[in-house]
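Comments concern the structure below.
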Amino acid sequence: MKKTAVLLVALLIILPLIVPAALATDLIPSEPETDQRSTLSDYFPFNLLGPDMTVDDATTTVEILVLLTILSLAPSILIMVTAFTRIVIVLSFTRSAMGTQSMPPNQVMVGLALFLTVFVMYPVYEEIKTDAWDPYAAEEIQLDEMLERTMFPIRKFMYEQIRLKNHEEDLINFMNIARLDPYPESFEEIPTRVLIPAFITSEIKTGFIIGFLIYIPFIVIDMVVASALMSMGMMMLPPVMISLPFKIMLFVLVDGWNLTVGTLVETFRGPG
C-alpha cells in the first residue's frame, strides 16, 4: 500500500512536467523540406478549415466574412442616411393620433415610407449614378474615387437637412464630443462619422415636432367628445369609442393622407 501511494504521488508530480513539454514539442512547426507556402497546419495542430488551407486563403476568408457582414448591415446604413427616418416617424405619429392602433398595418406603413424615401432621394440617386457609377462602369475612375463621389451627394443632403431645420446645434454637439482637431470650418472638413449621427438626431427631432402638430386636432376632438359625455353623465362610456369615428371622418374629409404625405415631402425642400 505504501509503495502504491508513493508511485501515485510521483506520477502526480512528474506528469504536469512531462505533458506540457510534450505538447509544446508537437506545436512547434518542423523545418519545411521544400520552399513551399506555409499552411495553417504548420502553425495549428487542428486545422478545422482543411489541411491544405494556406495563410493567404485564411486572410481571404476573413475578408469575405467582413464583406458579408457589411452587406448585411448595408440596408440599415442606407436607411439611416436618407429621408426614411423622418417619414416613418411622422406616419407612425399620424396612425397613433387617429387611434386606429394597427390600421394601416406596419407593412403598409413601412412600404409607404420606403417609396416616399425613394421619391425624395431620387435626385441624390440620379447624381450618384451620373457622377460616380457611370464613370466607374466605363472604367474612367477607380473604386476609391467612385466611393468618394458617391458619398458627396449623400453628405450634402444630410448637411442641407440639418441646416434647413436650424439644427446646427446637433452638428456642433457631435463635433465637440468627437474633439476634432483642427476644428472643421467648412462642410467638406466635417467627417462622415460626425455628420451621420448629427443628421439622425436632427431627423428624429424634426419628426417629433411634425408629429406633435399632427396630434393637436385629434386631441381637440377627444377633448370635445369627453366633455360632451361628461355633461350627459355618460362617465362609464369610453370617449375613445365615440371620438374614433369622428377622427376618421375628419381625416377622410380633409383628404388627410394626401395632405400629410404632401406636406411631409415638402419639408425636405427649401423655400421656393
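As the structure is a prediction and not an experimental result, all values here were calculated from the model. Nothing fancy with the numbering, it's 1 onward along the sequence.
- Judged purely by atom type and a 3.5 angstrom limit, T82 uses its side chain to pair as donor or acceptor with the backbone of I79.
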* Passes side chain to side chain contact (heavy atoms under 4.5 Å, CB included), E140 versus D134? Steps please. -> CA-CA 9 Å; E140 298 176 1; D134 288 345; over 6 Å; no
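- When the side chains of ILVMFWY residues are joined at heavy-atom separations under 4.5 Å, either directly or via intervening members, M158 and I204 end up in a single hydrophobic cluster.
- For the pair D144 and E148, the minimum side-chain heavy-atom distance is 4.5 Å or more.
- Every side-chain hydrogen bond (donor to acceptor under 3.5 Å, both in side chains) that S202 has, sequence neighbours left out, goes to H167.
- Enclosure of atom CE in M249 by more than 12 non-hydrogen atoms of other residues, nucleotides or ligands within 6.0 angstrom is indicated.
- Checked for salt-bridge contact, E145 and R149 meet the test: a charged N lies under 4.0 Å from a carboxylate O.
- E188 CD: more than 12 foreign heavy atoms inside a 6.0 Å radius.
- To the nearest 0.5 Å, atoms CZ (F218) and OG1 (T94) are separated by 7.0 Å.
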List the atom pairs, with distances to 0.1 Å, where a side-chain N or O of residues 168-175 and a protein N or O form a donor-acceptor pair under 3.5 Å, not counting sequence neighbours.
| from | atom 1 | to | atom 2 | distance (Å) |
| --- | --- | --- | --- | --- |
| E169 | OE2 | K205 | NZ | 3.3 |
| D170 | OD1 | K205 | NZ | 3.2 |
| D170 | OD2 | K205 | NZ | 3.4 |

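- Counting only distance, with no hydrogens or angles, the side chain of R155 and the backbone of I190 share a donor-acceptor pair below 3.5 Å.
- Within the model, atoms CD1 of I162 and CG of L195 stand 5.0 Å from one another, a figure rounded to the nearest 0.5 Å.
- Hydrophobic clustering places V90 together with L112 (ILVMFWY residues linked when any side-chain heavy atoms are closer than 4.5 Å, directly or through intermediates).
- How far CG of N258 is from OG1 of T263: 10.0 Å, rounded to the nearest 0.5 Å.
- Taken from CH2 in W257 to CG in L264, the straight-line distance is 11.0 Å, to the nearest 0.5 Å.
- Under a hydrophobic clustering in which Ile, Leu, Val, Met, Phe, Trp and Tyr are joined whenever their side-chain heavy atoms come within less than 4.5 Å, directly or via other members, V118 and V265 fall into different clusters.
- Among all heavy-atom pairs drawn from S92 and M109, the shortest one is N-CE, 3.9 Å.
- When each of I87, L164, L116, T206 is tested with F268 by the rule side chain to side chain contact (heavy atoms under 4.5 Å, CB included), just one qualifies, namely I87.
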* Test log, rule side chain to side chain contact (heavy atoms under 4.5 Å, CB included), inputs I154 and T192 -> CA-CA 10 Å; I154 299 176; T192 304; over 6 Å; no
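- Note that CZ of F212 is 10.5 Å distant from CZ of F93, once rounded to the nearest 0.5 Å.
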* To do: Under the side chain to side chain contact (heavy atoms under 4.5 Å, CB included) rule, what do F199 and E203 come out as? Steps first, then yes or no, please.
  => CA-CA 6 Å; F199 168 74; E203 288 296 285; 3.5 Å; yes
* To do: Apply the test side chain to side chain contact (heavy atoms under 4.5 Å, CB included) to residues I196 and M80: give CA-CA distance (whole Å), side-chain angles for both, the deciding distance (0.1 Å), then the verdict.
  => CA-CA 8 Å; I196 290 178; M80 298 307 291; 5.5 Å; no
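- Under a hydrophobic-cluster definition in which Ile, Leu, Val, Met, Phe, Trp and Tyr are linked whenever side-chain heavy atoms come within less than 4.5 Å, directly or via other members, Y215 and I209 are assigned to different clusters.
- F119 and I89 fall within a single hydrophobic cluster, where Ile, Leu, Val, Met, Phe, Trp and Tyr side chains are chained together by heavy-atom contacts under 4.5 Å.
- Minimum interatomic distance between M121 and A83 (heavy atoms only, all atoms of both residues): SD-N, 3.9 Å.
- In this structure, CG on D222 lies 11.5 Å from CZ on F246, to the nearest 0.5 angstrom.
- The closest side-chain heavy-atom distance from R95 to P104 is below 4.5 Å.
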